[in-house]
Amino acid sequence: MDFQIPESVESLRKQMREFVESEIIPLEKHYDYETGRMPENINQQARAKVKAAGFWTPHLSKKEGGLGLDQLGTCIIFSELGRSPIAPYIFNCDAPDEGNMHLLALAATDKQKELILHPLCEGTLRTGFAMTEPSPGAGSDPTSLQTNAEKVGDKFILNGRKWYCTGANGAKYIIVMAKVNGSFRKTTMFLVPTTAKGYTMVREIGLMGSHGPGGHCELNFENVEVPEDMVLGRVGEGFRLSQERLGPARLTHCMRWTGLARRALSIAREYAKEREVFSSKIAEHQGIQWLFAECATEIEMGFLLTLKAGWLLQTGQDARQEISMAKWKVSESLCKTVDTAIQICGGKGYSRDLPLELFYRDARAARIADGPSEVHKMVIGRNYVSGKWDA
Ligand SMILES: Cc1cc2nc3c(=O)[nH]c(=O)nc-3n(C[C@H](O)[C@H](O)[C@H](O)COP(=O)(O)OP(=O)(O)OC[C@H]3O[C@@H](n4cnc5c(N)ncnc54)[C@H](O)[C@@H]3O)c2cc1C
């Protein structure tokens with residue numbers, strides 16, 4: 001077992017840390033608390049800087065304009081840029097576009113790549129991924145899927161309602177999961193342009209954290225015609241492809257969340273080393289050192305799980321159990337770490353003089369999105385009990 005970071009990745013990691021510290025974190029002051037997003041002109045200027053620095057879409061191969069990193073390199077670089085919640089969009093590797101790029105690279109036809117993937121990699125369009133539905137539709141349990149596509153001649157007629165589609169406001173295409181002719185077994189992914197007749201972006205859902213550039217939206221599909229050549233992959237491949245998308249996408253969430261947790265803890269360390277209470281620095285009190293110990297260990301455990309899952313993916317092995325473990329552990333540690341950091345910083349931690357209150361609200365989604373903690377624990381436990389996976 002080799003824990004040494006390759007020299008080329010380590011050098012890139014240092015450059016990324018420096019770039020995020022000097023070019024990205026200072027922009028956080030522009031974050032608009034009213035709208036829950038960054039001003040788009042600031043984002044665009046920063047994106048131009050990222051491109052000029054050669055860090056654009058870091059997860060892609062060099063041929064596609066990225067850094068040509070393997071899974072482990074991606075873990076290390078993403079956890080650096082995750083230190084700022086505004087960085088992933090600026091580097092063009094935010095959810096859902098980053099996962100959608102991976103999916104399209106895997107399953108899109110040349111025409112679909114031309115239409116969607118290439119502009120997505122260049123950052124000239126955005127996309128959404130619509131799986132979740134309002135009750136009684138699909139959420140934690142995908143078998144409740146209601147959205148349906150009826151095959152009529154050489155077209156599909158799509159009907160259904162989705163919600164929590166991240167980035168849908170202003171997106172050009174939505175990847176929609178739907179049954180075909182009422183058959184769950186034939187669940188398929190459809191590429192729907194947001195200009196299609198019968199498509200409505202009903203609303204941006206009001207929520208506690210950031211909205212990103214395109215919010216988290218509720219969508220309606222009423223008799224939307226989708227031509228056959230806008231099926232992604234083949235009819236009936238929806239769930240297989242969603243696993244291909246969600247596994248690595250959950251892991252890239254873990255990488256970004258590791259960066260955010262590390263930054264939160266380091267903000268608390270700075271405060272605790274400087275502020276004095278009861279005749280000694282806060283950091284000198286053992287009760288506080290134990291809090292740092294708990295959070296630092298949690299972050300490290302989560303990151304090691306993330307690296308192991310990344311290594312399994314990189315070596316072509318089944319990583320589903322470890323991805324669930326990482327998703328559960330890292331999301332829970334992020335929430336615990338940010339909460340602890342606020343506690344250590346006292347009133348200042350709760351105020352907007354520090355970014356921790358924003359991290360706190362953003363972090364809360366991590367335990368729900370892409371499978372709630374309870375669902376990942378169910379999967380982990382089932383695999384253990386059945387003997388499919390052993391500890
Ligand atoms: C910020 C954010 C962004 C999102 N982006 C997208 C997106 O882009 N595209 C998309 O399709 N979806 C997206 N989602 C939706 C997300 O994937 C769902 O919220 C999630 O899968 C849970 O589904 P649900 O909300 O319907 O919860 P429900 O299915 O209603 O579950 C509610 C709760 O029930 C409990 N529960 C569920 N199953 C079990 C079980 N087996 N055992 C014990 N308890 C259980 C859990 O506590 C769970 O939180 C996003 C969500 C958030 C918060």
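Whatever order the structure lists ligands and atoms in, that order sets their numbers, starting from 1.
Side chains of W311 and E322: no donor on one and acceptor on the other come within 3.5 Å.
Nearest to atom 51 (C) of ligand 1 by heavy-atom distance, out of F129, W163, Y164, is Y164. Nearest-heavy-atom check against atom 3 (C) of ligand 1 across I368, T132, D370, T166 picks out T166. In the candidate list G371, G139, S140, A130, S140 is nearest to atom 28 (P) of ligand 1, counting heavy atoms. Checking V176, V375, I175, I174 against atom 39 (C) of ligand 1, the nearest heavy atom belongs to V375.
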Worksheet item: What do the steps show when you test S84 against E28 for side chain to side chain donor-acceptor pair (under 3.5 Å), and what is the final call?
Response: CA-CA 8 Å; S84 171; E28 289 173 1; 2.7 Å; yes

Worksheet item: Hey, mind stepping through H253 and R250 against side chain to side chain donor-acceptor pair (under 3.5 Å) and telling me if it holds?
Response: CA-CA 5 Å; H253 271 320; R250 282 175 178 143; over 6 Å; no

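Figure legend: cation-pi geometry between R37 and Y89 absent, as NZ or CZ is not positioned both under 6.0 Å from the six-membered ring centre and within 45° of its axis. Because its NZ or CZ atom is both nearer than 6.0 Å to the ring centre of F129 and within 45° of the ring axis, R245 counts as a cation-pi partner of that residue.
Here the protein heavy atom with the shortest distance to atom 48 (C) of ligand 1 is P372 CG, 3.6 Å.
Atom 8 (O) of ligand 1 is approached by the protein to below 4.0 angstrom, counting heavy atoms only. In this structure, atom 35 (C) of ligand 1 has its sub-4.0 angstrom surroundings free of protein heavy atoms. Proximity of atom 25 (O) of ligand 1 to the protein is not indicated, since no non-hydrogen protein atom lies closer than 4.0 angstrom. There is a protein heavy atom less than 4.0 angstrom from atom 11 (O) of ligand 1.
Of all the heavy atoms in I288 and A283, the pair that sits closest is CG2-CA, 4.3 Å. Pairing each heavy atom of K172 with each of L125, the nearest pair is CG-CB, 3.8 Å. Nearest heavy atoms, L219 versus V202: C-CG2, 4.0 Å. Across T147 and G160, no two heavy atoms sit closer than the pair OG1-CA, 3.8 Å.
Proximity to H216 (heavy-atom distance under 4.0 Å) selects the following atoms of ligand 1: 1 (C), 3 (C). Near M378, with a cut-off below 4.0 Å to any heavy atom, the atoms of ligand 1 are 41 (N). The ligand atoms of ligand 1 that sit less than 4.0 angstrom from a heavy atom of A365 are 1 (C).
The 12-atom threshold is not exceeded at CD of Q343, counting heavy atoms of other residues, nucleotides or ligands nearer than 6.0 Å.
At a 3.5 angstrom cut-off on N or O pairs, M131 counts as close to ligand 1. Considering backbone and side-chain N/O atoms, E133 never comes within less than 3.5 Å of an N/O atom of ligand 1. Considering backbone and side-chain atoms alike, E374 places an N or O below 3.5 Å from some N or O of ligand 1.
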